[in-house]
Amino acid sequence: MNPNDLSGLADDIKRWGAELGFGAIGIADTDLSQAEQAHREWLAKGFHGAMDYMAKHGDKRTRPAELVPGTIRVISVRMDYLPPDAEDSMAVMENGEKAFISRYALGRDYHKVLRQRLQSLCDKIGNRVGPFGYRVFTDSAPVLEVALAEKAGLGWRGKHTLLLSREAGSWFFLGEIYTDLPLPLDAAGQNHCGTCRACIEICPTQAIIAPYEVDARRCISYLTIELKDSIPEGLRPLIGNRVYGCDDCQLACPWNRFGQLTGVDDFHVRHGLDDISLVELFGWDEATFKEKMAGSAIYRIGYAQWLRNIAVGLGNAPGSPEVTAALEARRHDASPLVREHVLWALNRHGISRN
Ligand code: B12
Ligand code: SF4
């Protein structure tokens, strides 16, 4: 293809992407050498904690062509997820009897939604150019998504390390197409954080240890989603009522005034999860958990870990007969992980562990 054809193709890709519900699309090359050293250091400091998959792939994460041979361009996409009908986040977090679930997890699991739409975009490209080399990703592969999106002009990395856009704040998922098509490049995003430190100051566990550096081991998102074992006791009181993920650094960010509501029905709130009580959630048996969470990202953490998180929330909740009764009902839970967190929670309410 000549340069004019490639430029026309890039325009078409952006137009098709918008039709498929992507909020923005940009094109980057594969040079992540600037990020490579910082990435190695992050791992060397052990900030990934128990996320072994972060360390497993060596430099493949910063060298796209080593992950998918032949890759010379990355098409980076954004998909907004804020559900239009969700209860106000601050109101839920300030009510200790409620469970706060990160806004990205109130609807259906995003992995499938994004992958399907990225595949549709590749089908459209294939219809235009014939067979071409590509692979689609979102979240789950050794891909440095934020750095690539920044290079592709979708925005800039905020001090909380998430990608920020002037048009959409940070309430979106990222996805990519690695390809061998020599598409024209977009200009990288410019940083607009200035002297603001709101995300760093608000973080309940001081997980943002310096601008652009998160120690995942302290992050509530890691503690409630990625960590499979016992949550360190010292961090439990700081988790408050956040039972799945954490949005505090995003809620504090002034750029999130520009957050866009999602146009994707799959991300709308299901089962009233935006404003539900801890006691009610703790009462779900395993069959109910599986039935209600089918198709949700929450399903992946499993029932025991889910109860572990809610037990922490109940330990931090204002004392009441309902809270005590809910915890007592699980004092002898089959899972040692759940039992241990229940006993801790009862102890917080002045009830002996024995
Ligand atoms: C591992 C991971 C996590 C971990 C670690 C987070 C982290 N900051 O690294 C945990 C479990 C804590 C996590 C939490 C969340 N995550 Co997450 N996560 C990922 C994942 C899988 C990999 C990220 C990664 O590579 N981390 C490793 C480190 C090395 O990367 P890094 O912080 O980007 O490191 C760079 C900077 O530190 C920089 N750097 C270091 N020092 C310095 C110094 C200066 C001066 C500068 C400029 C830069 C700099 O260089 C490093 C290399 O580029 C990505 C998906 C993907 N495949 O990319 C999603 C992803 C980043 N997560 C996402 C989301 C939504 C979240 C949560 C908001 C979920 C929630 N509500 O609970 C929270 C936010 C927490 C936070 N503040 O980061 C989205 C972000 C979308 C966006 N708008 O950017 C992603 C892109 C998933 C997706 N496909 O949509 N996540
Ligand atoms: S998600 Fe929560 S705990 Fe993690 S860095 Fe942001 S504010 Fe801190």
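Just follow the structure's listing: the first ligand is 1, and inside any ligand the first atom is 1.
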With the threshold set strictly below 4.0 angstrom, can you tell me whether any protein non-hydrogen atom sits that near atom 48 (C) of ligand 1?
yes

Measure from the ring center of Y303 to the ring center of F289 and say whether it is less than 6.0 Å.
yes

Which residue owns the protein heavy atom closest to atom 12 (C) of ligand 1, what's the atom, and how far is it?
C219 SG, 3.6 Å

Part of E226 within contact of ligand 1 (heavy atoms, under 4.0 Å):
side chain

Around R331, counting heavy atoms of other residues, nucleotides and ligands shown, do more than 12 lie under 6.0 Å from its CZ?
yes

Could any protein non-hydrogen atom be found less than 4.0 Å from atom 78 (O) of ligand 1?
yes

Checking side-chain polar atoms at under 3.5 Å, does Y244 have a donor or acceptor matched by the opposite partner on Q305?
no

Atom 5 (S) of ligand 2 - nearest protein heavy atom and its distance
I208 CG1, 3.7 Å

Under 4.0 Å, heavy atoms only, figure out whether ligand 1 is touched by the backbone of R157, its side chain, both or neither.
side chain

Taking atom 2 (Fe) of ligand 2 as the centre, count the protein N/O/S atoms lying under 2.8 Å from it.
1

For ligand 1, is R103 a contact, meaning one of its heavy atoms is under 4.0 Å away?
no

Evaluate the 4.0 Å heavy atom contact test for atom 59 (C) of ligand 1: does a protein atom fall under the cut-off?
yes

Does R236 make a cation-pi contact with W344 (under 6.0 Å, within 45 degrees of the axis)?
yes

Greater than 12 external heavy atoms within 6.0 Å of K14's NZ
yes

Go through the side-chain N and O atoms of T138 and E176 and say whether any donor and acceptor fall under 3.5 Å apart.
no

Do me a favour and list the nearest non-hydrogen protein atom to atom 13 (C) of ligand 1 with residue, atom name and distance?
S221 OG, 4.1 Å

Geometric N/O contact S170 with ligand 1, under 3.5 angstrom
yes

Taking the ring of Y134 and the ring of Y178, is the distance between their centroids below 6.0 Å?
no

Crowded around I351 CD1? As in, over 12 foreign heavy atoms under 6.0 Å?
yes

Just one of K45, K159, R218 clears the salt bridge (charged side-chain N to carboxylate O under 4.0 Å, His left out) bar with E213, so which one?
K45

Please check if a non-hydrogen protein atom sits closer than 4.0 Å to atom 2 (C) of ligand 1.
no

